[in-house]
Novice: 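The structure's right below; bear with me while I get my questions together.
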Amino acid sequence: MVSSRKVGDALTGFSRLVTQDRVNAYAEASGDHNPIHLNESYAYGTQFGTRIAHGMLSLALIAEMLATEFPDTWHDGGNIKVRFTAPVFPGETVETYGEITSIDDSNGRPVATCKIGCKKTDGTDAVAGRATVPLE
Amino acid sequence: MPPPLISSAEIGHEFGPYDVTIPNARAESYAEAVGGDESPAYGDSLAPMMVVAAALTELIEELGLFSGSLQTVHAGQEVNWSRPIKIGEKVNATGRLSANSVRRGNHFATVNVSYTDENGMEVGTSSTTIIVTGEDL
(Lines give C-alpha, C1' and ligand atoms only; values in the text may rest on other atoms or scores of the structure.)
Protein backbone atom coordinates (compact mmCIF):
# COMPACT_ATOMS: atom_id res chain seq x y z
CA MET A 1 0.00 0.00 0.00
CA VAL A 2 1.35 3.42 -0.92
CA SER A 3 0.34 6.24 1.36
CA SER A 4 -1.31 9.29 -0.19
CA ARG A 5 -0.29 11.52 2.72
CA LYS A 6 1.65 14.65 1.92
CA VAL A 7 3.36 17.49 3.73
CA GLY A 8 0.87 20.09 4.83
CA ASP A 9 -1.99 17.63 5.38
CA ALA A 10 -3.95 18.51 8.50
CA LEU A 11 -4.90 15.77 10.95
CA THR A 12 -8.54 15.54 11.96
CA GLY A 13 -8.73 17.07 15.41
CA PHE A 14 -11.65 17.09 17.81
CA SER A 15 -12.91 19.05 20.80
CA ARG A 16 -13.44 17.59 24.23
CA LEU A 17 -15.02 19.16 27.31
CA VAL A 18 -12.76 18.09 30.18
CA THR A 19 -15.24 17.61 32.99
CA GLN A 20 -14.43 16.75 36.58
CA ASP A 21 -16.15 13.40 35.92
CA ARG A 22 -13.58 12.71 33.19
CA VAL A 23 -10.76 13.69 35.56
CA ASN A 24 -12.18 11.37 38.24
CA ALA A 25 -12.40 8.52 35.72
CA TYR A 26 -8.84 9.19 34.61
CA ALA A 27 -7.69 8.96 38.24
CA GLU A 28 -9.32 5.51 38.45
CA ALA A 29 -7.74 4.43 35.17
CA SER A 30 -4.22 5.64 35.92
CA GLY A 31 -4.19 5.15 39.68
CA ASP A 32 -3.07 8.78 40.07
CA HIS A 33 -5.27 10.11 42.88
CA ASN A 34 -3.13 13.16 43.57
CA PRO A 35 -5.45 15.60 45.40
CA ILE A 36 -4.49 18.42 43.04
CA HIS A 37 -6.74 16.66 40.52
CA LEU A 38 -9.53 15.61 42.86
CA ASN A 39 -9.75 17.67 46.04
CA GLU A 40 -10.87 21.28 45.60
CA SER A 41 -9.94 22.45 49.09
CA TYR A 42 -6.43 21.02 48.71
CA ALA A 43 -6.05 22.43 45.21
CA TYR A 44 -7.09 25.88 46.43
CA GLY A 45 -3.80 26.10 48.32
CA THR A 46 -1.65 25.22 45.32
CA GLN A 47 -0.15 27.51 42.71
CA PHE A 48 -3.18 26.82 40.49
CA GLY A 49 -5.83 27.76 43.05
CA THR A 50 -8.20 25.04 41.87
CA ARG A 51 -8.18 21.47 40.59
CA ILE A 52 -6.38 20.70 37.35
CA ALA A 53 -6.75 17.80 34.94
CA HIS A 54 -3.94 15.27 34.66
CA GLY A 55 -1.51 16.36 31.96
CA MET A 56 -1.55 12.79 30.70
CA LEU A 57 -5.30 13.09 30.07
CA SER A 58 -4.65 15.87 27.57
CA LEU A 59 -1.86 13.84 26.03
CA ALA A 60 -4.21 10.86 25.79
CA LEU A 61 -6.60 12.99 23.71
CA ILE A 62 -3.81 13.77 21.26
CA ALA A 63 -2.96 10.07 21.11
CA GLU A 64 -6.63 9.36 20.35
CA MET A 65 -6.37 11.70 17.38
CA LEU A 66 -3.26 9.92 16.13
CA ALA A 67 -4.79 6.46 16.65
CA THR A 68 -7.82 7.54 14.63
CA GLU A 69 -5.77 9.18 11.90
CA PHE A 70 -3.23 6.34 11.61
CA PRO A 71 -5.15 3.25 12.82
CA ASP A 72 -2.79 0.71 11.28
CA THR A 73 0.55 2.20 12.29
CA TRP A 74 0.30 4.50 15.31
CA HIS A 75 0.74 1.62 17.78
CA ASP A 76 3.39 0.02 15.58
CA GLY A 77 6.35 2.36 15.62
CA GLY A 78 4.73 5.66 16.62
CA ASN A 79 6.56 8.25 18.71
CA ILE A 80 5.30 11.34 20.49
CA LYS A 81 7.24 14.01 22.35
CA VAL A 82 5.47 16.90 24.05
CA ARG A 83 5.76 19.69 26.57
CA PHE A 84 2.92 20.46 28.96
CA THR A 85 2.66 24.20 28.59
CA ALA A 86 -0.52 25.18 30.46
CA PRO A 87 -2.85 23.48 32.93
CA VAL A 88 -6.34 22.40 31.88
CA PHE A 89 -9.01 23.13 34.47
CA PRO A 90 -12.15 20.98 34.76
CA GLY A 91 -14.89 22.67 32.77
CA GLU A 92 -12.55 23.79 30.00
CA THR A 93 -12.74 22.53 26.43
CA VAL A 94 -9.62 21.54 24.55
CA GLU A 95 -9.19 20.90 20.84
CA THR A 96 -6.58 18.58 19.40
CA TYR A 97 -4.73 19.52 16.22
CA GLY A 98 -2.00 18.22 13.99
CA GLU A 99 -0.27 18.74 10.66
CA ILE A 100 2.24 16.70 8.69
CA THR A 101 5.43 18.75 8.48
CA SER A 102 7.73 16.27 6.73
CA ILE A 103 7.83 12.76 5.32
CA ASP A 104 11.00 10.70 5.39
CA ASP A 105 11.07 7.66 3.09
CA SER A 106 14.82 7.17 3.11
CA ASN A 107 14.64 3.90 5.06
CA GLY A 108 12.14 2.06 2.90
CA ARG A 109 9.20 2.72 5.23
CA PRO A 110 7.81 6.27 4.95
CA VAL A 111 7.53 8.04 8.27
CA ALA A 112 5.59 11.26 8.77
CA THR A 113 6.60 13.89 11.28
CA CYS A 114 3.64 15.86 12.58
CA LYS A 115 3.30 19.00 14.61
CA ILE A 116 0.68 18.10 17.23
CA GLY A 117 -0.95 19.49 20.32
CA CYS A 118 -4.13 20.55 22.02
CA LYS A 119 -5.34 24.09 22.57
CA LYS A 120 -7.71 25.67 25.01
CA THR A 121 -10.55 27.86 23.73
CA ASP A 122 -8.50 31.02 24.31
CA GLY A 123 -5.90 29.67 21.88
CA THR A 124 -3.38 28.73 24.56
CA ASP A 125 -1.54 25.49 23.93
CA ALA A 126 -2.05 23.09 26.83
CA VAL A 127 0.19 20.47 25.24
CA ALA A 128 2.46 20.93 22.24
CA GLY A 129 5.08 18.86 20.48
CA ARG A 130 5.62 16.50 17.60
CA ALA A 131 4.86 12.94 16.63
CA THR A 132 6.41 10.58 14.13
CA VAL A 133 4.24 7.88 12.60
CA PRO A 134 5.00 5.21 10.00
CA LEU A 135 2.68 5.64 7.02
CA GLU A 136 2.75 2.01 5.85
CA MET B 1 8.88 11.97 57.73
CA PRO B 2 12.09 11.20 55.78
CA PRO B 3 12.83 13.35 52.72
CA PRO B 4 11.41 11.99 49.45
CA LEU B 5 13.63 9.83 47.29
CA ILE B 6 13.92 12.56 44.67
CA SER B 7 16.02 14.57 47.14
CA SER B 8 18.83 12.04 47.08
CA ALA B 9 18.40 9.73 44.08
CA GLU B 10 21.45 9.68 41.83
CA ILE B 11 21.62 9.42 38.07
CA GLY B 12 21.23 5.76 37.15
CA HIS B 13 18.91 4.98 40.06
CA GLU B 14 16.61 2.18 38.97
CA PHE B 15 12.87 1.95 39.56
CA GLY B 16 10.61 -1.07 39.47
CA PRO B 17 9.96 -3.42 37.89
CA TYR B 18 6.32 -2.44 38.16
CA ASP B 19 3.52 -4.69 37.02
CA VAL B 20 1.50 -2.37 34.78
CA THR B 21 -0.89 -5.00 33.47
CA ILE B 22 -4.18 -3.20 32.82
CA PRO B 23 -7.37 -5.03 33.78
CA ASN B 24 -10.66 -4.48 31.99
CA ALA B 25 -12.13 -2.24 34.72
CA ARG B 26 -9.29 0.26 34.35
CA ALA B 27 -9.55 0.16 30.57
CA GLU B 28 -13.22 1.05 30.93
CA SER B 29 -12.36 3.98 33.21
CA TYR B 30 -9.85 5.15 30.63
CA ALA B 31 -12.49 5.05 27.89
CA GLU B 32 -14.85 6.99 30.18
CA ALA B 33 -12.18 9.64 30.77
CA VAL B 34 -10.84 10.01 27.27
CA GLY B 35 -13.35 8.58 24.84
CA GLY B 36 -15.83 10.23 22.52
CA ASP B 37 -17.72 9.67 19.29
CA GLU B 38 -14.55 9.92 17.20
CA SER B 39 -12.47 7.56 19.33
CA PRO B 40 -10.85 4.63 17.55
CA ALA B 41 -12.22 1.14 18.11
CA TYR B 42 -9.59 -0.51 20.29
CA GLY B 43 -11.40 -3.85 20.57
CA ASP B 44 -9.47 -5.92 23.09
CA SER B 45 -6.36 -3.70 22.78
CA LEU B 46 -5.23 -0.86 25.02
CA ALA B 47 -4.18 2.67 24.30
CA PRO B 48 -0.43 2.57 25.07
CA MET B 49 -0.77 5.90 26.90
CA MET B 50 -2.70 4.06 29.57
CA VAL B 51 0.22 1.73 30.25
CA VAL B 52 2.55 4.73 30.41
CA ALA B 53 0.21 6.49 32.83
CA ALA B 54 0.10 3.46 35.10
CA ALA B 55 3.90 3.33 35.22
CA LEU B 56 4.08 7.07 35.85
CA THR B 57 1.83 6.71 38.89
CA GLU B 58 4.16 4.03 40.30
CA LEU B 59 7.18 6.24 39.65
CA ILE B 60 5.65 9.25 41.35
CA GLU B 61 4.80 7.16 44.37
CA GLU B 62 8.30 5.67 44.63
CA LEU B 63 9.86 9.11 44.25
CA GLY B 64 7.77 10.22 47.23
CA LEU B 65 5.93 12.89 45.31
CA PHE B 66 2.44 12.17 46.66
CA SER B 67 3.48 13.99 49.87
CA GLY B 68 1.03 16.83 50.50
CA SER B 69 3.83 19.36 50.95
CA LEU B 70 5.28 18.83 47.48
CA GLN B 71 4.00 20.20 44.21
CA THR B 72 4.89 18.30 41.08
CA VAL B 73 4.49 19.65 37.56
CA HIS B 74 4.59 17.28 34.62
CA ALA B 75 6.81 19.23 32.23
CA GLY B 76 7.49 16.85 29.36
CA GLN B 77 6.69 13.39 28.05
CA GLU B 78 7.98 11.19 25.27
CA VAL B 79 6.53 7.82 24.29
CA ASN B 80 7.57 5.24 21.69
CA TRP B 81 5.44 2.18 21.07
CA SER B 82 6.18 -0.83 18.91
CA ARG B 83 3.11 -3.06 19.05
CA PRO B 84 -0.47 -3.09 20.41
CA ILE B 85 -1.08 -4.40 23.94
CA LYS B 86 -4.12 -6.46 24.89
CA ILE B 87 -6.28 -5.76 27.91
CA GLY B 88 -4.95 -7.97 30.72
CA GLU B 89 -1.67 -8.69 28.90
CA LYS B 90 1.28 -8.88 31.30
CA VAL B 91 3.52 -5.82 30.98
CA ASN B 92 6.39 -4.82 33.27
CA ALA B 93 7.91 -1.36 33.49
CA THR B 94 11.43 -0.58 34.68
CA GLY B 95 12.76 2.94 35.06
CA ARG B 96 16.12 4.66 35.27
CA LEU B 97 16.79 8.18 36.48
CA SER B 98 18.61 10.03 33.70
CA ALA B 99 18.61 13.55 35.17
CA ASN B 100 18.12 15.06 38.62
CA SER B 101 19.23 18.61 39.21
CA VAL B 102 18.27 21.56 41.40
CA ARG B 103 17.82 25.02 39.93
CA ARG B 104 16.45 27.95 41.92
CA GLY B 105 15.09 25.55 44.51
CA ASN B 106 13.24 23.39 41.97
CA HIS B 107 14.10 19.75 41.31
CA PHE B 108 14.19 18.82 37.63
CA ALA B 109 14.12 15.06 37.12
CA THR B 110 13.86 12.82 34.06
CA VAL B 111 13.08 9.12 34.24
CA ASN B 112 13.38 6.79 31.24
CA VAL B 113 11.14 3.73 31.29
CA SER B 114 11.24 0.47 29.33
CA TYR B 115 8.11 -1.69 28.94
CA THR B 116 8.47 -5.42 28.37
CA ASP B 117 6.03 -8.22 27.69
CA GLU B 118 5.95 -11.61 29.41
CA ASN B 119 8.73 -12.84 27.10
CA GLY B 120 10.98 -9.96 28.09
CA MET B 121 10.61 -8.29 24.70
CA GLU B 122 10.50 -4.51 24.77
CA VAL B 123 7.14 -3.18 23.55
CA GLY B 124 7.68 0.51 24.28
CA THR B 125 9.72 3.18 26.00
CA SER B 126 8.94 6.49 27.60
CA SER B 127 10.71 9.45 29.12
CA THR B 128 9.11 11.68 31.74
CA THR B 129 10.38 15.06 32.94
CA ILE B 130 8.96 16.54 36.12
CA ILE B 131 9.59 19.67 38.17
CA VAL B 132 9.14 19.38 41.92
CA THR B 133 8.96 22.15 44.51
CA GLY B 134 8.36 22.00 48.24
CA GLU B 135 9.78 22.71 51.66
CA ASP B 136 10.57 19.04 52.35
CA LEU B 137 13.11 18.72 49.55
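In what follows, chains carry the letters A, B, and so on, assigned in the order in which the sequence lines appear, proteins first and then strands, with residues in each chain numbered from 1. These values consider heavy atoms only, across backbone and side chains, with no hydrogens, waters or symmetry-generated copies.
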Novice: Which bit of B/Ile22 is near chain A, if near means a heavy-atom gap under 4.5 Å: side chain, backbone, both or neither?
Specialist: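 Contact with chain A: none, neither part.
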Novice: In this structure, would A/Leu57 and A/Tyr97 fall into the same cluster of hydrophobic residues linked by side-chain contacts under 4.5 Å?
Specialist: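 No, it is not one cluster - the side chains of A/Leu57 and A/Tyr97 are not joined through contacts under 4.5 Å.
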Novice: Using a 6.0 Å cut-off, check whether atom NZ of A/Lys120 has over 12 heavy atoms from anything other than its own residue.
Specialist: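 Yes, the 6.0 Å shell around NZ holds more than 12 heavy atoms from other groups.
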Novice: Roughly how far, to the nearest 0.5 Å, is the CZ atom of A/Phe84 from the CD1 atom of B/Ile130?
Specialist: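 Answer for the CD1-CZ pair, B/Ile130 versus A/Phe84, is 12.0 Å.
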Novice: Using heavy-atom distances under 4.5 Å, tell me whether B/Val73 contacts chain A through its side chain, its backbone, both, or neither.
Specialist: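 For B/Val73, the contact with chain A is made by the side chain alone.
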Novice: Going from CG on B/Asn80 to NZ on A/Lys81, what distance comes out if it is rounded to the nearest 0.5 angstrom?
Specialist: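 Going from the CG atom of B/Asn80 to the NZ atom of A/Lys81 covers 10.0 Å.
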Novice: Taking A/Ser30's backbone N and O only, do any of them form a donor-acceptor pair with B/Thr57's side chain (distance below 3.5 Å, no angle check)?
Specialist: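 Flag set: sc B/Thr57 to bb A/Ser30 pair under 3.5 Å.
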Novice: Got a sec: does the CD of B/Glu61 have more than 12 other heavy atoms crowding it under 6.0 Å?
Specialist: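 Counting other residues, nucleotides and ligands, CD of B/Glu61 stays at 12 neighbours or fewer.
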Novice: About how many Å separate CG of A/Asn79 and OG1 of B/Thr125, when rounded to the nearest 0.5 Å?
Specialist: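 So the OG1 of B/Thr125 and the CG of A/Asn79 are separated by 7.5 Å.
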Novice: Search all heavy atoms of A/Asp76 against all heavy atoms of B/Ser82 and return the closest pair with its distance.
Specialist: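 Closest heavy-atom pair between A/Asp76 and B/Ser82: OD1-O, 3.1 Å.
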Novice: Is A/Leu11 reachable from A/Val94 through a run of I, L, V, M, F, W or Y residues, each pair having side-chain heavy atoms under 4.5 Å apart?
Specialist: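 Yes, same cluster.
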Novice: Is it true that atom CZ of B/Arg96 has more than 12 heavy atoms of other residues, nucleotides or ligands lying nearer than 6.0 Å?
Specialist: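 No, the 6.0 Å shell around CZ holds no more than 12 heavy atoms from other groups.
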Novice: I need the residue from A/Gly77, A/Ala27, A/Gly55 with the largest number of non-hydrogen atom pairs under 4.5 Å to chain B.
Specialist: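 Top option by heavy-atom pairs under 4.5 Å: A/Gly77.
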Novice: Would you find more than 12 non-hydrogen atoms of other residues, nucleotides or ligands less than 6.0 Å from A/Tyr44 atom OH?
Specialist: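 Counting neighbours around OH of A/Tyr44, 12 or fewer heavy atoms of other residues, nucleotides or ligands fall under 6.0 Å, so no.
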Novice: Taking all non-hydrogen atoms of both residues into account, name the closest pair between B/Gln71 and A/Thr46 and its distance.
Specialist: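 Minimum heavy-atom separation between B/Gln71 and A/Thr46: NE2-CA, 3.6 Å.
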Novice: Please name the pair of heavy atoms, one in A/Glu28 and one in B/Ser29, separated by the smallest distance, quoted to 0.1 Å.
Specialist: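 Residues A/Glu28 and B/Ser29, closest heavy atoms: CB-OG, 3.7 Å.
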Novice: Is the closest side-chain heavy-atom distance between B/Met49 and A/Ile80 below 4.5 Å?
Specialist: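 When only atoms from C-beta onward are counted, A/Ile80 and B/Met49 do touch, with a gap below 4.5 Å.
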Novice: So which atom in A/Glu64 and which in B/Val34 form the shortest heavy-atom distance, rounded to 0.1 Å?
Specialist: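 Between these two residues, the closest heavy atoms are CG-CG1, 3.3 Å.
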Novice: Are A/Tyr42 and A/Ile52 connected in the hydrophobic side-chain network, where two residues link if heavy atoms are under 4.5 Å apart?
Specialist: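 In one cluster with A/Tyr42: A/Ile52, yes.
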Novice: When rounded to the nearest 0.5 angstrom, what is the spacing between CD1 in A/Ile62 and CD in B/Gln77?
Specialist: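 So the gap between those two atoms works out to 11.5 Å.
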Novice: Can you measure from CG (A/Asn24) to CD (B/Glu32) and round to the nearest 0.5 angstrom?
Specialist: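 Reported value, rounded in 0.5 Å steps: 9.0 Å.
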Novice: What is the minimum heavy-atom distance between A/His75 and B/Pro48, and which atoms define it?
Specialist: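 Here A/His75 and B/Pro48 meet closest at NE2-CD, 3.2 Å.
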Novice: Quick check: is A/Val133 connected to A/Val7 through a chain of hydrophobic side chains (ILVMFWY, heavy atoms under 4.5 Å apart)?
Specialist: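 Linked within one cluster.
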Novice: Could you tell me whether a side-chain N or O of A/Arg83 sits under 3.5 Å from a main-chain N or O of B/Ala75, the two making a donor and an acceptor?
Specialist: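 No, because the side chain of A/Arg83 does not come within donor-acceptor range (under 3.5 Å) of the backbone of B/Ala75.
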Novice: Indicate the atoms forming the closest heavy-atom contact of A/Tyr26 with B/Ala53, along with that distance.
Specialist: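 The pair with the smallest heavy-atom distance is OH-CB, 3.2 Å.
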Novice: Would you say B/Ile131 and B/Ile11 are hydrophobically clustered, going by side-chain heavy atoms of ILVMFWY under 4.5 Å?
Specialist: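 In one cluster: no.
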Novice: At a heavy-atom separation under 4.5 Å, does A/Glu69 approach chain B through its side chain, its backbone, both, or neither?
Specialist: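 Nothing of A/Glu69, per the 4.5 Å heavy-atom cut-off to chain B.
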Novice: Heavy atoms only, distances under 4.5 angstrom: which of B/Gly124, B/Ala54, B/Ser39 has the most pairs with chain A? Name it, please.
Specialist: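 Winner by heavy-atom pair count: B/Ser39.
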